[in-house]
There are 2 protein chains.
Amino acid sequence: MALRYALLASLYESPATGYELTRRFRERMGNVWNASHQQIYRELAKALDDGLVKVELVEQSGKPDRKVYHLADSGRAELGEWVNGFSPRPATRDPLLLKLFAGDLWSHDRLFEELSRYELDWQEELERYREIERDYFQDVQTLPRHYKLQYLALRRGIMATESWLAWAREVRDLCGASPEGS
Amino acid sequence: MALRYALLASLYESPATGYELTRRFRERMGNVWNASHQQIYRELAKALDDGLVKVELVEQSGKPDRKVYHLADSGRAELGEWVNGFSPRPATRDPLLLKLFAGDLWSHDRLFEELSRYELDWQEELERYREIERDYFQDVQTLPRHYKLQYLALRRGIMATESWLAWAREVRDLCGASPEGS
DNA sequence: CTACCATGTGCAACAAGTTGCATATAGGAG
DNA sequence: CTCCTATATGCAACTTGTTGCACATGGTAG
């Protein structure tokens, strides 16, 4: 049911089409929740069926009609209950770490090739986060609670990514950064 | 297919029954991969069907026979290929962070109640990791590569958990740790 | 001129993960 | 005496997530 609440939470901020929700997940909330557009359209249809959201059709020429979803009262209520209930920690399933357990089969070069790719990725992500932090969250102390909490979600993204980068440095320190054969 | 490789990677270390694999995932590899016993038995049957693992039946009185799974040659080969290929970053889906996006519906007390539970959990986990670090990885520099990589998986667990705890402190600093009404 | 990309919706098939149940025995706590 | 835990296996139904495809058009890059 968690995807359902992710959609409701996003619609709580503002009404949106399935397409826009897909983009929000990919961009602003990539750190928090991920879902493909297929999954989102499917779940929106179910949530509509259950009366948690309402649709407003907006006609367009050429393109399909926009179906703008709004949070219904019952949706807001259910979201509120979910938010105030306890959620267990998500299970981690990380292929990169898994490979360390069969590390003897992992060639030195390939290991560092993959690590480098990840590092580039993390670096880019970190810069994007830091930019948002600079642009939107300068005076955090004075912000209303709602924005403080959004800021904390961003902070989590920053700290998680920094932590991965620090780990990558440890890998280099312990296993040697430069392969002989290149 | 990733669960399949998780099983092969664990069997690469040593042969095991489905039950033992379940425990390994829950205990030693909790940081890396999670799977229920139902999922594991199902996937082991498929892997056996595909000839990636072999079974050795060990009779027991009273209890069902132990089915000890071994990595077959083809399984080792496929694991090797997978390990040396590129794996994309896993998608994050974190209910705790999601709730921050509907934070207006989240009561101050409930938020900190949940945060405290998480903190206790992280603290415990961190202590378990640190204990393993002390007991098994004192002279990391001198260890063979295989153990270095295992150590790095553990380090990742430590760093990730520390990062969460640091984040929790930021939450307290920004949103006030002590609710008035208690 | 053609190919890709963005917008916008969605179905169908499959793979992966969860939840509830079932069987069978031995040992310890209350 | 009963309940819980550990060992050890597994089925069935369901939910969630992935992958591939489809339609429809306007703009931009080569």
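Small disclaimer: the values here were computed from a predicted structure and weren't measured. Lettering follows sequence order; numbering is per chain, from 1.
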*Is any side-chain N or O of B/Thr17 closer than 4.0 Å to OP1 or OP2 of D/dT7?*
no

_Would you call the rings of B/His108 and B/Phe112 parallel, tilted or perpendicular, taking 30° and 60° as the class edges?_
tilted

_Whole-Å distance separating the CD atom of B/Glu43 from the P atom of D/dT9_ = 16 Å

*Taking the side chain of A/Leu3 as heavy atoms from C-beta outward, which of D/dT7, C/dA6, D/dG17 is closest to it?*
D/dG17

*Calculate the interatomic distance between A/Ile40 atom CD1 and D/dT15 atom P; express it in whole Å.*
20 Å

*Take the protein atom CG of A/Asp50 and the nucleotide atom P of D/dT15, then report the distance between them rounded to whole Å.*
11 Å

*Taking CG from B/Leu7 and P from C/dG17, how many angstroms apart are they, rounded to a whole number?*
10 Å

*Sort out for me which residue in A/Lys67, A/Arg26, A/Arg66, A/Arg28 forms a salt bridge (Lys or Arg N to Asp or Glu O under 4.0 Å) with A/Glu20.*
A/Arg66

*Can a side chain N or O of A/Gln39 be found less than 4.0 Å away from OP1 or OP2 on D/dT16?*
no

*In terms of the angle between their ring planes, are B/Tyr5 and B/Trp82 parallel, tilted or perpendicular, with boundaries placed at 30° and 60°?*
parallel

_Comparing A/Gln38 and A/Met1 on DNA chain D - which has the more 5′ nearest nucleotide_ = A/Met1

*Answer yes or no: is there a donor N or O on one side and an acceptor on the other, between the side chain of A/Arg93 and the main chain of B/Asn34, under 3.5 Å?*
yes

*Proximity to DNA chain D (any heavy atom under 4.0 Å), residues of residues 81-97 of chain A only*: none

*asked:* How many whole angstroms separate atom OH of B/Tyr19 from atom P of D/dA6?
replied: 7 Å

*asked:* Taking only side-chain N and O atoms of A/Tyr41, does any of them lie within less than 4.0 angstrom of OP1 or OP2 on C/dG10?
replied: no

_Closest contact, heavy atoms only, B/Ala102 versus A/Tyr12_ = CA-CD2, 4.1 Å

_Nucleotide nearest B/Ser36 (side chain, heavy atoms from C-beta), chosen from C/dT7, D/dT16, C/dT18_ = C/dT18

*Give a yes or no on whether a donor-acceptor pair under 3.5 Å exists between the nucleobase atoms of C/dT19, that is its base, and the side chain of B/Arg42.*
no

_Spacing of A/Glu27 atom CD relative to C/dA6 atom P, expressed in whole Å_ = 10 Å

_Check this one for me: any side-chain N or O of A/Lys67 less than 4.0 Å away from OP1 or OP2 of C/dG10?_
yes

_A/Lys46 NZ to D/dG17 C1', straight-line distance once rounded to whole Å_ = 11 Å

*Rounded off to whole Å, could you give me the CG-to-C1' distance for the B/Leu44 and D/dC11 pair?*
16 Å

*Starting at the 5' end of DNA chain D and moving along, which residue's nearest nucleotide shows up first, B/Glu20 or A/Trp33?*
B/Glu20

*Are B/Arg23 and D/dA6 close enough that a side-chain N or O sits under 4.0 Å from OP1 or OP2?*
no

*asked:* Is a donor from one side chain sitting under 3.5 angstrom from an acceptor on the other, for B/Thr17 and B/Arg23?
replied: no

*Distance-only, no hydrogens or angles: does the B/Arg156 side chain make a donor-acceptor pair with backbone N or O of A/Leu97 under 3.5 Å?*
no

*List for me each residue that meets salt bridge (Lys or Arg N to Asp or Glu O under 4.0 Å) alongside B/Glu162, sequence neighbours excluded, and say none if there are none.*
B/Arg130

